[in-house]
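See structure below.
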There are 2 protein chains.
Amino acid sequence: MSSDSKTRSFVSARIVAERAGVSRSAVSRTFTDGASVSEETRRKVLDAAGALGYHVNHLARGLRERSNIVCLVVADMTTPIRAGMVDVLTRELQSSGKITMVINTKADTDSVSTALRQTLNYRADATVVLSGTPPASLIETCLANGQQVVLINRDDKLVGSHNLGVDNSVAGREAFFLLRRAGCRRLGLVTSNAGTASLVERERVFIEAANADGMEVAVFETGPTSYSSGFEAGRRAFGRSNSPDGVFCVTDLLALGFMDAAVHEFGLSIPDDLCVVGFDDIEQASWESYRLTTFSQPLKAMADQVLDLLLDPQSAGSERILFEPIPRWRKSVRPGPR
Amino acid sequence: MSSDSKTRSFVSARIVAERAGVSRSAVSRTFTDGASVSEETRRKVLDAAGALGYHVNHLARGLRERSNIVCLVVADMTTPIRAGMVDVLTRELQSSGKITMVINTKADTDSVSTALRQTLNYRADATVVLSGTPPASLIETCLANGQQVVLINRDDKLVGSHNLGVDNSVAGREAFFLLRRAGCRRLGLVTSNAGTASLVERERVFIEAANADGMEVAVFETGPTSYSSGFEAGRRAFGRSNSPDGVFCVTDLLALGFMDAAVHEFGLSIPDDLCVVGFDDIEQASWESYRLTTFSQPLKAMADQVLDLLLDPQSAGSERILFEPIPRWRKSVRPGPR
DNA sequence: TCCAAGATTGCACTTGTGTGCAATCTGGAA
DNA sequence: TTCCAGATTGCACACAAGTGCAATCTTGGA
């Protein structure tokens, strides 16, 4: 409040000590739980600290002990599902006294590697990877440095790292059953060119389930995992003969694009002419224009699990922790044959 | 790669120096641009560093010079416009060698204050506030500590801080002109209970413009800034006589909810029965089910401006920097009277 | 009044880095 | 061979914190 200082630099414990007329240790102890300080010096220190606007330097504190920094490596943050993940994680981490550094990167290996090195530079206690797949050697380096590594929905079996993910096979199978029950005869699969392990698994299981039942699946892949790729897929699907009457889109964004093409370009009505199943349960899937039947990723539970792992440092990782996707019945799939 | 160390702790320059058989200074200089090291020691150091997986500790580096940390204080990160801002900012900051700490907070003053203190604890060079309004005294503390403060779209005139924002009055006025040109006779305004200065200004200017032209405006406020508030507003607007035929929604999310209520609950057709103008130009506004006429916030330009401010430390702030919102003509407003 | 136990305090070291300064090394010219 | 300039190196300090240890101060009881 008092304008006695135009310091233009962070005030340190030394400055506070000088002003309070005590030793620097006293200042340190005042801000350390359980340290021995008399009530009087404590008050003097707090007064001086308040007047000067002192805040303990967590960076310096992190030199001796853990830094309490957790890095989040993520690409494509505007995607609703990613934004949701970042949101949950940052909030949960914060409530456990950790702070989040976000590294917004591309999904390719080089960018992720650079990101992971940054993570080490900032002495993060842990790194959570939401996008891309880091090279095994770099993960090893992180582990050797005592850093924990958590991979979310990147199902490569990488030694040492914790691997969380949603059970894609359940969703793929369930999607097929839903469409079969709705009496769909010509199945389609809409996917992206991302080639992520989770997406590939959803594709595979869906197609296998259909084949096992004697049905073919037409695959539409038109670009990245986005609304417009879905839209383009819809154009192609209905711009030819033998168009599908039941599709599984490996992502909600793709599904919404696909639905819009079907409805607005070709005048189809959902679920009468076409049934659609998505995956992710982004907020937009519940909007009145879509009411998409989809699967929800239990983000909160996954974030909680991440925290459990981080707070238990000797947990060695390497096993894969699977979460059940939660089906969200809405209106884009008929309950039975038309 | 070699498994000689189960250190479980970050490797420091001292360890590298020992292994390379040089002084710790040599290691430091190897990783400092322009420092004097012979080619031979440089190689020895790099070899040792590589083998041990050494990474310079940016935290310790930040003890002496600037930390290169920028804090982003944000609430409601899942909102598309916020996710977009965070995305642009993190990317731009990164490309200038800064790292972003995200503090995910509520928008109330207490939470923002706590967030700002964290910012000081981590010795961030700068804080960018996207949500909520911090108390003036705390901003002063930040400035006294030599930290820069940038407020985005929180138009309170707070001394010392940099204030960026989009020109809300232009948008409010323009929205009215669009609706008048479309021949709308019963105007509506859909807003939230957030009470943010930007939202309030958009409301005010829109209503003033209408009044100046002799038109009344029915105001609908049903909750927070969200899709469902917009939907609820739509329910109320059309569940009574004298319902509006042209509305300005202060946010795209509100607009999309409002449109969905009008279309799916009341069978209205847009833009024939109802014209809608939004604000933000989130991705969903361009989706085929909406094609919403709205105003785009020049996020990239704003992020660039933030960077300019941060890279020029003696810029004193306090003036307000306004950005023109960019109109996005789409299909939710008729080009002329019906 | 004196003594001892317990509470406070400050010194000095630690963490990992960058850098000024002085000492040493190198290489080329006389 | 000698000398000097320039390149390289290492010491020691600074940065901002936490903490073990010993010294000091309180306090209470005999």
Side-chain angles (χ1 to χ4, degrees), chain A residues 7-46 48-49 52-69 99 120-125 145-147, chain B residues 7-46 48-49 52-69 118 120-125 145-147:
Chain A
T7 20
R8 291 255 143 263
S9 164
F10 286 97
V11 12
S12 70
R14 187 172 56 79
I15 310 291
V16 176
E18 279 169 18
R19 168 134 180 177
V22 300
S23 78
R24 200 191 52 72
S25 310
V27 178
S28 197
R29 283 191 245 266
T30 300
F31 293 100
T32 307
D33 276 354
S36 165
V37 215
S38 73
E39 204 46 53
E40 194 197 342
T41 47
R42 172 185 207 77
R43 196 188 41 70
K44 283 197 285 187
V45 168
L46 288 179
L52 294 170
Y54 169 70
H55 289 78
V56 177
N57 185 337
H58 283 18
L59 264 41
R61 180 181 270 174
L63 276 191
R64 342 186 68 249
E65 9 195 316
R66 331 250 314 290
S67 68
N68 280 328
I69 295 175
I99 185 98
L120 291 170
N121 281 328
Y122 280 99
R123 293 304 189 253
D125 295 340
N145 276 292
Q147 189 183 71
Chain B
T7 19
R8 291 257 142 261
S9 164
F10 286 97
V11 11
S12 70
R14 187 172 56 79
I15 309 292
V16 176
E18 279 169 15
R19 167 133 179 178
V22 299
S23 78
R24 200 189 51 74
S25 312
V27 178
S28 197
R29 284 192 244 266
T30 300
F31 293 100
T32 307
D33 275 355
S36 164
V37 215
S38 74
E39 203 45 54
E40 194 196 342
T41 46
R42 172 187 207 76
R43 196 188 42 70
K44 282 197 284 187
V45 168
L46 288 180
L52 294 170
Y54 170 70
H55 290 79
V56 177
N57 186 337
H58 283 19
L59 264 42
R61 180 181 272 173
L63 277 190
R64 348 187 61 250
E65 11 195 312
R66 331 249 314 288
S67 67
N68 279 326
I69 296 175
Q118 282 237 328
L120 291 171
N121 282 329
Y122 280 98
R123 294 306 189 254
D125 295 340
N145 276 292
Q147 188 183 72

For the helix from dT1(C)-dA30(D) to dA30(C)-dT1(D), what angle lies between the axis at the first five pairs and the axis at the last five pairs, to 10 degrees?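 The end axes of the helix from dT1(C)-dA30(D) to dA30(C)-dT1(D) are about 50° apart, to the nearest 10°.
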Which heavy-atom pair separates [X] from [Y] by the least distance, and what is that distance?
X	Y	value
Gln147(B)	Ala124(B)	NE2-O, 2.8 Å
Arg123(A)	Val56(B)	NH1-O, 3.9 Å
Leu63(A)	Ala60(B)	CD2-CB, 3.6 Å

Rounded to the nearest 0.5 Å, what's the gap from [atom1] on [X] to [atom2] on [Y]? Could you check?
X	Y	atom1	atom2	answer
Tyr54(A)	Leu120(B)	OH	CG	11.5 Å
Tyr122(B)	Leu59(B)	OH	CG	8.5 Å
His58(A)	Ile69(A)	NE2	CD1	10.0 Å

Can you list, by residue number, the residues of residues 27-35 of chain B that have a non-hydrogen atom closer than 4.0 angstrom to DNA chain D? Arg29(B)
Check the phosphate of dC11(D) against Ser23(B), side-chain N and O only, distance under 4.0 Å to OP1 or OP2. Yes or no?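 It does not, given that no N or O in the side chain of Ser23(B) lies less than 4.0 Å from OP1 or OP2 of dC11(D).
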Taking only N and O in the side chain of Ser25(B), is any of them less than 4.0 Å away from OP1 or OP2 of dT9(D)? no
Side-chain donor/acceptor pairs under 3.5 Å, residues 33-42 of chain A, sequence neighbours excluded:
residue, atom, partner, partner atom, Å
Ser38(A), OG, Thr41(A), N, 3.3
Ser38(A), OG, Thr41(A), OG1, 3.0
Thr41(A), OG1, Ser38(A), O, 3.1

Measure from CD on Glu65(A) to C1' on dG18(D) and round the result to the nearest Å. 7 Å
Starting at atom CD of Glu40(B), determine the distance to atom P of dA7(D), rounded to an integer number of angstrom.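 Checked: the CD to P distance equals 18 Å.
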Within the 4.0 Å heavy-atom criterion, would you say Ser38(B) contacts the bases, only the backbone, or no part of the nucleic acid? sugar-phosphate
What are the atom names and distances for every N/O pair under 3.5 Å that joins the protein to nucleotides 13-16 of chain C?
residue, atom, partner, partner atom, Å
dT14(C), O2, Arg64(A), NE, 3.4
dT14(C), O2, Arg64(A), NH2, 3.1

Set of ring pair (Phe, Tyr, Trp, His ring centres under 6.0 Å) partners for His55(B), sequence neighbours left out: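 For His55(B) there are no ring pair (Phe, Tyr, Trp, His ring centres under 6.0 Å) partners, ignoring immediate neighbours.
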Sugar-phosphate means primed atoms, P, OP1 and OP2; the rest is base. With that split, encode nucleotides 22-27 of chain D 5' to 3' as B, S or - using protein heavy atoms under 4.0 Å. ------
Salt bridge (Lys or Arg N to Asp or Glu O under 4.0 Å) partners of Arg64(B), counting only residues at least two apart: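 Per chain and number, Arg64(B) pairs via salt bridge (Lys or Arg N to Asp or Glu O under 4.0 Å) with no residue.
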Which residues pass the side chain to side chain contact (heavy atoms under 4.5 Å, CB included) test with Asp125(A), not counting sequence neighbours? Arg66(A), Ser67(A), Asn68(A), Lys98(A)
Not counting sequence neighbours, which residues clear side chain to side chain contact (heavy atoms under 4.5 Å, CB included) with Ile15(B)? List them please. Val11(B), Ser12(B), Leu52(B)
Donor-acceptor pairs under 3.5 Å, side chain of residues 23-31 of chain A to any protein atom, not counting sequence neighbours: which ones?
residue, atom, partner, partner atom, Å
Ser23(A), OG, Ser25(A), N, 3.4
Ser23(A), OG, Ala26(A), N, 3.3
Thr30(A), OG1, Ala26(A), O, 2.7

